[in-house]
Amino acid sequence: MEQKSSGTRYEDHIVEQVSAANDIVEIISQYLPLKRSGRNLKACCPFHGEKTPSFMVQPEKQMFHCFGCGAGGDVFSFLMRHENMSFPEALKSLAERAHITLPERHSRRDDGGQKEKLYEACRAAADFYHELLLKEAGAPAREYLARRKISEEILREFKLGWAPMEWRALLDHLVRKKYPEALLKQAALIQQSPKGNYYDTFRGRLMFPILNLQNKAIAFGGRLIADPEGPPGEQDEARPSSQAGSPCSRHARGNWMFPSSQGGPKYLNSPETPIFSKRRELFGLNLAKKHIDREWPSMILVEGYMDFLALYQHGFKHAVATLGTALSEDHVRLMRRFVEEVVVVYDGDKAGEAAALRGLEILLEGGMQVKLVSLPKGEDPDDFLNKRGNDAFAVLLKNADDFFDYKLKALLARYPRPDALGLSKISREMFETFLKVKNAVMLAEYFKRLSRALQVDENSLRMEFSHLNKKSGTSRERPKESAASAPETAKPAPEELLLLVLMAEVPPFCDRACEELENDDFKMPISRQLFEYLRQMSDQGKKCSLSGLLVRIPDPQYREQLVAVMATLDETAERETILMDCIAKIKQCRVTGRLEELRQRILKAETGRDEAMIRAATQEYQELLKRSRALKKGE
């Protein structure tokens with residue numbers, strides 16, 4: 001829930017205002033059926049598979065906690081985890097829901113609202129294209145969709161559109177709506193000829209709006225239906241639309257031509273813009289994220305828009321498609337936010353097999369588990385589903401090969417196994433993939449399977465792999481991090497968490513703790529930062545909110561541990577006694593740590609015969625020892 005990644009941060013009162021305006025019960029009820037359980041509400045946890053509800057929502061504290069998997073937090077935490085949002089995205093979503101206008105943020109990356117203008121221009125273009133598809137002008141595209149067995153329901157749900165065979169249809173429409181030409185060019189909705197004249201980027205194409213994770217239109221893909229002419233000359237651009245021979249007059253007569261070798265690429269995507277990078281977007285991910293199985297998170301990956309629509313229409317809604325580009329590391333990072341496993345379903349031809357093999361390398365390198373579906377030769381996912389149906393496709397998914405079986409099958413078909421050279425090539429290409437596998441247990445299993453499949457001694461394979469490993473400069477051993485550089489992974493002491501919760505919930509306890517303790521009494525840096533924040537809030541006479549506290553915790557594990565303490569702390573318990581116990585334990589831990597430091601210092605001084613150091617350290621050691629004994633007695 002940290003705001004650092006946003007480039008700036010909102011003031012605490014803004015976060016608290018949005019939090020107060022969004023009741024956590026109302027928000028979570030939109031996703032889960034909550035049932036009353038005493039003062040709280042419960043449901044089966046959406047973040048792990050369970051049959052007995054252990055997910056609790058506490059209205060009084062405006063928080064949730066799962067006693068099964070440990071997930072927990074406030075209303076922002078829930079939205080971030082369930083919708084895979086960043087904190088700024090969750091804040092904006094909840095602010096819009098409550099009709100709260102967020103103040104404009106100013107940072108080094110502030111674009112003056114230009115991105116919002118680009119989003120708006122793309123939305124207006126999507127509306128224009130969609131309206132045309134539903135009218136008489138869109139008949140050719142609708143006929144194409146009908147032949148591909150895409151239903152009208154899907155057509156409307158994905159807001160598919162039609163870009164007419166006119167040079168300036170979209171341009172003139174948006175200019176009339178006061179969108180500047182420069183903005184439309186920046187959004188890649190129009191292009192500029194060498195002579196300076198503007199014209200529509202897409203013409204004669206079935207349009208697929210590309211949406212980001214926040215469901216905003218950011219770009220388009222277009223499938224050629226009519227056969228547009230090449231870029232216009234100056235005379236063509238100036239010619240009236242009613243003049244014979246112009247694309248517009250052909251449109252008026254309804255004389256449509258289907259794709260030919262002269263019509264440009266079959267599929268055309270928007271070029272890169274400030275709001276769109278095809279290497280960082282996946283078609284349909286905004287919807288697929290809602291249909292992922294929480295118990296076994298996986299996703300189907302296909303290559304094209306039509307394959308995606310076919311899968312979605314047939315009920316396989318956890319699918320995504322790449323956007324006319326090879327799978328990239330950015331794509332993998334994006335998918336890893338949602339799933340652990342990817343099932344690759346590419347066309348059943350040599351090109352599809354090559355693309356699948358390239359993709360599996362990138363997926364493995366990104367730490368994903370990979371399975372691959374082999375379609376019958378010459379068929380794509382769309383063909384297969386329409387010919388053989390859902391059940392047959394479900395069987396394919398169930399029997400999908402893991403990357404080992406898929407690649408080995410392809411290599412055995414390419415190289416003769418009985419031949420020594422063939423064995424060498426097969427093993428070498430398998431080793432190239434093994435280098436991408438990050439799980440040592442899985443790698444050991446793959447060596448055994450390769451040994452059986454090739455009938456080659458496993459030790460010989462491992463030896464050859466070791467040579468390749470050294471030659472490539474890739475080490476299977478991860479370098480050990482020094483104590484200084486290793487990330488903080490230690491669990492916070494229970495007494496630190498308890499104390500911070502009590503300080504946040506009971507203002508007088510905050511004053512008492514600040515009188516007894518200092519920042520340095522806490523072991524973990526994040527605990528020290530929270531203690532200082534609570535001290536400042538107390539000095540200002542303010543009560544800390546849950547959101548105000550959680551938003552300062554960058555470590556999700558620490559955050560959930562703190563929430564777990566909040567969820568389990570009984571309000572009727574002897575809270576003051578618990579407070580004093582926590583203070584005493586924290587002091588004792590600080591003293592114990594310092595005693596160990598002094599012991600090491602004395603040993604070092606004795607080795608170096610530093611009498612002055614020995615006397616000073618021994619004196620401090622004796623004083624701390626007395627203090628430690630007093631703390632243990634509760635004095």
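Along the sequence shown, residues are numbered consecutively beginning with 1. These numbers come from a predicted model, not from an experiment.
Put simply, the side chain of S270 gets close to the backbone of F220: a donor and an acceptor are under 3.5 Å apart. The backbone N or O of L327 sits nowhere less than 3.5 Å from a side-chain atom of T322 that would complete a donor-acceptor pair. Between the side chain of N212 and the backbone N or O of E281, no donor-acceptor pair lies under 3.5 Å. N390 places no side-chain N or O within donor-acceptor distance of the main-chain N or O of F393, the cut-off being under 3.5 Å. Judged purely by atom type and a 3.5 angstrom limit, R279 has no side-chain atom pairing as donor or acceptor with the backbone of E329. Using modelled atom types, no side-chain atom of R156 and backbone atom of H130 make a donor-acceptor pair closer than 3.5 Å. One N or O on the side chain of S29 and one on the backbone of V25 form a donor-acceptor pair closer than 3.5 Å. Side-chain atoms of K289 do not come within 3.5 Å of backbone N or O of R337 as any donor-acceptor pair. One N or O on the side chain of H314 and one on the backbone of A310 form a donor-acceptor pair closer than 3.5 Å. For the pair T273 (side chain) and Q186 (backbone), a donor-acceptor distance under 3.5 Å is absent.
The neighbour count for R280 CZ, taken as heavy atoms of other residues, nucleotides or ligands under 6.0 Å away, does not exceed 12. The number of heavy atoms from other shown groups lying within 6.0 Å of CG (N399) is above 12. Counting heavy-atom neighbours within 6.0 Å of Q30 CD, excluding the residue itself, gives a total above 12.
Atoms NZ and OG, on K371 and S298 in that order, are 8.5 Å from each other to the nearest 0.5 Å. I426 contributes atom CD1, which lies 8.5 Å from atom OH of Y415 (distance to the nearest 0.5 angstrom). With rounding to the nearest 0.5 angstrom, the CZ atom of F55 is 10.5 Å from the NE2 atom of H48. Separating the NE2 atom in H318 from the CG atom in L301 is a distance of 11.5 Å, to the nearest 0.5 Å. For the atom pair CE of M299 and NZ of K317, the computed distance is 15.5 Å after rounding to the nearest 0.5 Å. Remark: L309 CG to I154 CD1 distance equals 6.5 Å, nearest 0.5 Å.
No side-chain heavy atom of V373 sits under 4.5 Å from any side-chain heavy atom of I300. Annotation: side chain of M56 is in contact with side chain of K42 (closest heavy-atom distance under 4.5 Å). No side-chain heavy atom of F465 sits under 4.5 Å from any side-chain heavy atom of L450. Looking at Y406 and V370, their side chains never come closer than 4.5 Å, going by heavy atoms from C-beta outward. Using a 4.5 Å cut-off on side-chain heavy atoms (C-beta onward), M207 and F202 make contact. Inter-residue side-chain proximity for L118 and F276 is flagged as unmet; no heavy-atom pair is nearer than 4.5 Å. The side-chain heavy atoms of I362 and S328, taken from C-beta on, include no pair separated by under 4.5 Å. A 4.5 Å side-chain heavy-atom check between F308 and L282 finds every atom pair outside the cut-off.
The aromatic rings of H82 and Y31 sit tilted, their planes meeting at an angle between 30° and 60°. Between Y446 and F404, the ring planes are parallel. Angles under 30° get that label, and only those over 60° would be called perpendicular.
Between L160 and P209, the closest heavy-atom pair is CA-CD, 4.2 Å. Scanning both residues, K115 and P274, for their nearest heavy atoms gives CE-O, 3.6 Å. The minimum heavy-atom distance between L174 and A124, with the atom names listed, is CD2-CB, 3.7 Å. Closest approach of G72 to S77, counting heavy atoms only: O-CB, 4.2 Å. Taking all atoms of both residues into account, the shortest heavy-atom contact from A43 to L34 is CB-CD2, 3.7 Å. Scanning both residues, L184 and A121, for their nearest heavy atoms gives CD2-CB, 4.2 Å.
Centroid-to-centroid, the aromatic rings of F208 and F158 stay 6.0 Å apart or farther.
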When you look at S427 and L454, which way does the side chain to side chain contact (heavy atoms under 4.5 Å, CB included) test go after all the steps? CA-CA 8 Å; S427 60; L454 300 184; 4.3 Å; yes
Determine, step by step, whether L363 and K436 satisfy the side chain to side chain contact (heavy atoms under 4.5 Å, CB included) criterion, reporting the C-alpha distance in whole Å, the side-chain angles of both residues, the deciding distance to 0.1 Å, and the verdict. CA-CA 9 Å; L363 288 163; K436 309 293 192 303; over 6 Å; no
Run the side chain to side chain contact (heavy atoms under 4.5 Å, CB included) check on V302 and D382 step by step: do they pass? CA-CA 10 Å; V302 294; D382 182 15; over 6 Å; no
Would you please test L189 and Y179 for side chain to side chain contact (heavy atoms under 4.5 Å, CB included) and show each step? CA-CA 11 Å; L189 297 172; Y179 288 93; over 6 Å; no
Evaluate the salt bridge (Lys or Arg N to Asp or Glu O under 4.0 Å) criterion for residues E120 and R123: first the C-alpha distance (whole Å), next the side-chain angles of each, then the deciding distance (0.1 Å), finally the verdict. CA-CA 5 Å; E120 179 58 29; R123 183 201 61 76; 2.4 Å; yes
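Counting only N and O atoms by type, the side chains of R148 and Y144 include a donor and acceptor under 3.5 Å apart. Side-chain atoms of E272 and S277 include a donor-acceptor pair closer than 3.5 Å. No hydrogens or angles considered: a donor-acceptor pair under 3.5 Å links the side chains of E361 and T433.
Salt bridge status for E116 with K92: present, with a side-chain N to carboxylate O gap under 4.0 Å. Between D127 and K177 there is no salt bridge, since no side-chain nitrogen of the basic residue lies less than 4.0 Å from a carboxylate oxygen of the acidic one. In this structure, R168 pairs ionically with D172, as a charged nitrogen and a carboxylate oxygen lie closer than 4.0 Å.
For the pair R81 and F47, the distance from NZ or CZ to the six-membered ring centre is under 6.0 Å and the angle to the ring normal is within 45 degrees.
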